[in-house]
S.K.: 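Below is one structure. I have some questions about it.
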Amino acid sequence: MSNSRFRLLSLVSILSLLITATTNFVAAQRCRPDQTETLKRFKNEFAFSSSCTDDAYFLSGVTCDNVTGAVTVLRLPGGCLRGTLRDNSSLFELSHLRYLNLSFNNFASSPLPSSFGQLHNLEVLLLSSNGFLGQVPSSVRNLTKLTQLQLAHNKLTGDLTSLLQNLTNLTRLDVSSNQFYGTIPSFLFTLPSMSYLDLSENHLSGSLEIPFYLPNLRVLKLYHLNITHQIDLRIFSSLESLTYLALSGNSLTPTSVYSDIDFAESLRVLLLSECNIYEFPRFVKSLKNLEYLYLSHNRIKGNVPEWLWSLPRLTSLDLRNNSFTGFEGSSDHLLANSSVQVLDVAYNCFNGSLPDPPRFIINYSVWNNSFTGEIPLSTCNRTFLDVLDLSYNKFTGLIPPCLSNISIVNLRKNKLEGNIPDEFYTGSSTQTLDLGYNQLTGKLPRSLLNCSLLKFVSVDHNRIDDSFPFWLKALPSLKVLTLRSNRFHGPISPPDGPLAFPKLQILEISHNGFTGRLPRNYFENWTNTSLKPEDEEKMYMGDFVTDKFNYEDTLDLQYKGLYMEQGKVLTLYSAIDFSGNRLEGEIPESIGLLKALIALNLSNNSFTGRIPMSFANVSELESLDLSKNRLSGEIPQELRRLSFLGYIDVSDNQLTGEIPQGTQITGQPKSSFEGNLGLCGLPLEERCFTENTTSTDEAEEEEEEGGVLKWRAVAIGYGPGVLFGLVIGHVFALYKPGGWFIKSYGQNRLKGIGSL
Ligand SMILES: *[C@@H]1O[C@H](CO)[C@@H](O)[C@H](O)[C@H]1NC(C)=O
Ligand SMILES: *[C@@H]1O[C@H](CO)[C@@H](O)[C@H](O)[C@H]1NC(C)=O
Ligand SMILES: *[C@@H]1O[C@H](CO)[C@@H](O)[C@H](O)[C@H]1NC(C)=O
Ligand SMILES: *[C@@H]1O[C@H](CO)[C@@H](O)[C@H](O)[C@H]1NC(C)=O
Ligand SMILES: *[C@@H]1O[C@H](CO)[C@@H](O)[C@H](O)[C@H]1NC(C)=O
Ligand SMILES: *[C@@H]1O[C@H](CO)[C@@H](O)[C@H](O)[C@H]1NC(C)=O
Ligand SMILES: *[C@@H]1O[C@H](CO)[C@@H](O)[C@H](O)[C@H]1NC(C)=O
Ligand SMILES: *[C@@H]1O[C@H](CO)[C@@H](O)[C@H](O)[C@H]1NC(C)=O
Ligand SMILES: *[C@@H]1O[C@H](CO)[C@@H](O)[C@H](O)[C@H]1NC(C)=O
Ligand SMILES: *[C@@H]1O[C@H](CO)[C@@H](O)[C@H](O)[C@H]1NC(C)=O
Ligand SMILES: *[C@@H]1O[C@H](CO)[C@@H](O)[C@H](O)[C@H]1NC(C)=O
Ligand SMILES: *[C@@H]1O[C@H](CO)[C@@H](O)[C@H](O)[C@H]1NC(C)=O
């Protein structure tokens, strides 16, 4: 996060308005006692998060006029204030306020107080990402001195034109991601000093008619306006200072897209994703200062033009999800001299060999195409390469021996063969290694031990012939290990005590030839799986966020009897799959220590003995498959306590006795209990001797509650489908140009970046 902030700053300085706005207010800290009193009362209106309770910290954002002692500037750190901002708040007594920044606090879905209208000296009012809700009070129209107004990322509504009509001194306006309605306020385009305008993601209608003479307009963001009219690109050519134009999610007049438009030479960012474009826009050729070009989610066919690679400043190019079939020009070195650092051509129809990546490439993302031939060795020569995603193609040959300095390597679903090169050196930067679904042979390279940052290792569906990699326990950050469907063999229980991977959350070793028994304490040291998650933090495991792009690990999940390809996995998801091996002996009692375990699959082995009673302690368990073993005895009645258990399969064992009644267990299909020696009770038809009608009624009642089961731990994502705005899996976002792109923060960080 700190990285991206850093980047934000540099962008701010480009458009240096913000800085002038704040320096105007620099004044001595001396405040009048009554003003300090008012501030303290204001502070006491809120609950503070623990990191913000310090008075000094609170007051560091306060500036008073050095003559009158009145508070003129108030900047409160984001995330500190929590609670309702009321109409009678002491804040509104500070009538000399000229600068107020309360962005990124949490005002608990309350309305925007109409008392803001009393602060009629305000020149800067920043209220983005605060959870404000509902109609913007009309008193805000009184704030005619405003030069900057930010209301982005709330749920505010109102007719935008009448709200803003009298705020004619505005130079920076951001009302994006709200529910404002009405026609696009065209008068904004008549304000000559306007320099930053963001109306994106509102319910605006009408057409964009711009009586342009806006010599100062630098940033114009109008994505996802939901207007029915097509936008004529040519109208923007009169904006002579334009550096940033975002029109993604609107449809453009075709004739304008394919004509020669003279955009301002200053244009650096052009975002035209989801604009229904079907031919590569020629006018781009003349944009000599262009750095970011997004044309993703259009329908562009044919070749990527050769001239694109000679745009001197182009650093980020997103052509994802079009119908490109190739690159114009035949040389393998076509891209080599290009200045592009982030290149995303995923989800197209490229075939033939993959060109050498640009010399300064950081992120080379070409997944989901039909590239053939070998992976170019030149990738080994690209010192800045951080993400190499060639997955879902038809690459053949060997894996290049240079993965060690690439953070993310994804070669999944190709036709690669040979060994995994044993070339990982000390200090390797590899974090994610996904080599699944190839034809790889040999052993897991022992040099992986040099990758101390490694978090995610997936070699599933290959022909790797090795014993269980106990040695990987030395990796301090390993969270996911997937060995499914290979030729692994031997015991999975180390000779010297319990298995102890310090951070492991997902262990998927199904369909191999593992054998042996598991000692009672087998699960004793699974620290990460033993800690019950504190809250349902909706972060995804394996997020890789840099200042230029995000990458997310995805995983094939088998969960509740369903199979999900390329699911995105929440950080709290924890799963074990040992199915399809030849494990025997009892299920270790220590399974009960895995409080955070959500899915367990031990099916298709030779486990014997009873189902341990300690299962009842695995309180987060949602999916349990013990089918096709030789388990005997009764199903412990304690399993009734597992309130999230939505899927259970114990079929084909030697179980007897009554199925625990009155729980969601009885809501399972019969097949989940069939093939046993003597089970009885619901959902089977066999009645138990002890059964009576009361318990049956109860069962049905609770069964309905069970239906509300949360699928919370698993992924929302199914590849290869990508939702509009919420992009799932893989490298989905290029650099977020423009520091003001507030969505890149906090909870909203993942949302919408793709449609940027
Ligand atoms: C008050 O601050 C302004 C702006 O920083 C400065 O120009 C002025 O000299 C200061 N006045 C006094 C009395 O310190
Ligand atoms: C307002 O405050 C927030 C939270 O501290 C900060 O992130 C943001 O950059 C500030 N906005 C401006 C324009 O200074
Ligand atoms: C503000 O109004 C609320 C009720 O709307 C009341 O509970 C509270 O005491 C008032 N606060 C002040 C400072 O008057
Ligand atoms: C502010 O706006 C309200 C409502 O629009 C109005 O009644 C009031 O007179 C205005 N106050 C000032 C000082 O302009
Ligand atoms: C608007 O800006 C101009 C020029 O900076 C200034 O003279 C005028 O007083 C401002 N209007 C208001 C209502 O503050
Ligand atoms: C805008 O200001 C004018 C006079 O300055 C006033 O008559 C008009 O009612 C105001 N409009 C709105 C929408 O507040
Ligand atoms: C977009 O506009 C259409 C009608 O033009 C409307 O039905 C739809 O609800 C709008 N969508 C949003 C998100 O406002
Ligand atoms: C590709 O873009 C189209 C819109 O042009 C969209 O409907 C579709 O969902 C996108 N598919 C992917 C995989 O992103
Ligand atoms: C790349 O640049 C080098 C040196 O400037 C030049 O020799 C080479 O021909 C260029 N390659 C391409 C494909 O343009
Ligand atoms: C790697 O780069 C060096 C120097 O730039 C060059 O001589 C060599 O041919 C390159 N190797 C590959 C495989 O591209
Ligand atoms: C397992 O945990 C126990 C107690 O928590 C500890 O004493 C033991 O050293 C651990 N064993 C390993 C192999 O980490
Ligand atoms: C039925 O079962 C319930 C609970 O298990 C018990 O309280 C009740 O006495 C039983 N009724 C009969 C008729 O056996």
Side-chain angles (χ1 to χ4, degrees), residues 1-2 4-5 8-9 11-12 15-23 25 37-38 40-46 52 57-58 60-61 73-81 83-93 99-106 110-111 113 115 123-130 147-150 152-153 171-174 196 248-249 251 272-278 295-300 318-323 344 346-349 367-369 392 566 717-730 732-733 739-742 744-746 754-755:
M1 222 54 222
S2 63
S4 50
R5 288 210 187 198
L8 303 194
L9 280 182
L11 270 147
V12 167
L15 303 169
S16 72
L17 288 139
L18 171 69
I19 289 161
T20 32
T22 36
T23 44
F25 295 105
E37 265 324 293
T38 310
K40 281 187 184 151
R41 272 187 286 126
F42 174 55
K43 188 188 163 204
N44 290 335
E45 289 168 23
F46 295 94
C52 312
Y57 190 45
F58 184 84
S60 65
V73 175
L74 188 52
R75 252 175 294 198
L76 287 174
C80 276
L81 302 183
T84 306
L85 183 62
R86 294 182 199 282
D87 249 337
N88 60 3
S89 167
S90 312
L91 175 68
F92 303 114
E93 292 165 29
Y99 183 107
L100 179 60
N101 183 358
L102 297 179
S103 295
F104 298 100
N105 285 294
N106 183 358
S110 56
S115 308
E123 293 166 29
V124 176
L125 178 57
L126 310 174
L127 299 174
S128 293
S129 297
N130 272 325
T147 59
Q148 274 194 58
L149 177 60
Q150 288 183 6
H153 297 269
T171 60
R172 297 171 58 86
L173 174 68
D174 183 357
Y196 183 108
S248 296
S251 81
L272 301 177
S273 296
E274 286 177 86
C275 287
N276 236 331
I277 299 173
Y278 49 86
L295 292 169
S296 56
H297 308 294
N298 282 298
R299 296 181 298 167
I300 310 176
D318 186 358
L319 303 178
R320 182 191 175 111
N321 189 18
N322 278 281
S323 304
D344 189 345
Y347 277 109
N348 275 285
C349 313
W367 64 290
N368 222 312
N369 279 289
Y392 293 82
Q566 278 187 281
Y718 309 73
V722 172
L723 294 172
F724 174 67
L726 177 68
V727 186
I728 286 146
H730 280 255
F732 69 89
W740 300 275
F741 197 72
I742 291 157
S744 63
Y745 282 87
S755 58

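Order of appearance sets the numbers: ligands from 1, and atoms from 1 within every ligand.
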S.K.: Any side-chain donor-acceptor pair under 3.5 Å between Asp87 and Ser115?
M.R.: yes

S.K.: Can you name the atoms of ligand 8, numbered from 1 with element, that are less than 4.0 Å from a heavy atom of Tyr347?
M.R.: 13 (C)

S.K.: Rounded to the nearest 0.5 Å, what's the gap from CG on Leu81 to CD on Glu45? Could you check?
M.R.: 9.5 Å

S.K.: So how far is it from Asp174 CG to His153 NE2, rounded to the nearest 0.5 Å?
M.R.: 7.0 Å

S.K.: So how far is it from Leu126 CG to Phe104 CZ, rounded to the nearest 0.5 Å?
M.R.: 10.0 Å

S.K.: What do you reckon, does Asn321 have a nitrogen or oxygen under 3.5 Å from a nitrogen or oxygen of ligand 8?
M.R.: yes

S.K.: Compare all side-chain heavy atoms of Thr38 with those of Ser90 and state whether any distance is below 4.5 angstrom.
M.R.: yes

S.K.: Would you mind listing which atoms of ligand 2 come within a distance below 4.0 Å of any non-hydrogen atom of Gly78?
M.R.: 4 (C), 5 (O)

S.K.: Can you pull every nitrogen or oxygen pair between ligand 3 and the protein closer than 3.5 angstrom?
M.R.:
residue  : atom   : partner : partner atom : Å
ligand 3 : 2 (O)  : Asn88   : ND2          : 2.3
ligand 3 : 11 (N) : Asn88   : ND2          : 3.0
ligand 3 : 14 (O) : Asn88   : ND2          : 3.3

S.K.: So which heavy atom on Leu76 is nearest to which on Asn105, and how close?
M.R.: O-ND2, 4.0 Å

S.K.: Just to verify, what does Arg41 make a salt bridge (Lys or Arg N to Asp or Glu O under 4.0 Å) with, not counting sequence neighbours?
M.R.: Glu93

S.K.: Taking the side chain from Asn369 and the backbone from Asn348, do they hold a donor-acceptor pair closer than 3.5 Å?
M.R.: yes

S.K.: Between Asn298 (side chain) and Cys275 (backbone), is there a donor-acceptor pair under 3.5 Å?
M.R.: yes

S.K.: What atoms in ligand 2 come closer than 4.0 Å to a heavy atom of Tyr99?
M.R.: 12 (C), 14 (O)

S.K.: May I ask you to check whether Asn101 has an N/O atom sitting below 3.5 Å from an N/O atom of ligand 2?
M.R.: yes

S.K.: Would you mind listing which atoms of ligand 2 come within a distance below 4.0 Å of any non-hydrogen atom of Leu126?
M.R.: 11 (N), 12 (C), 13 (C)

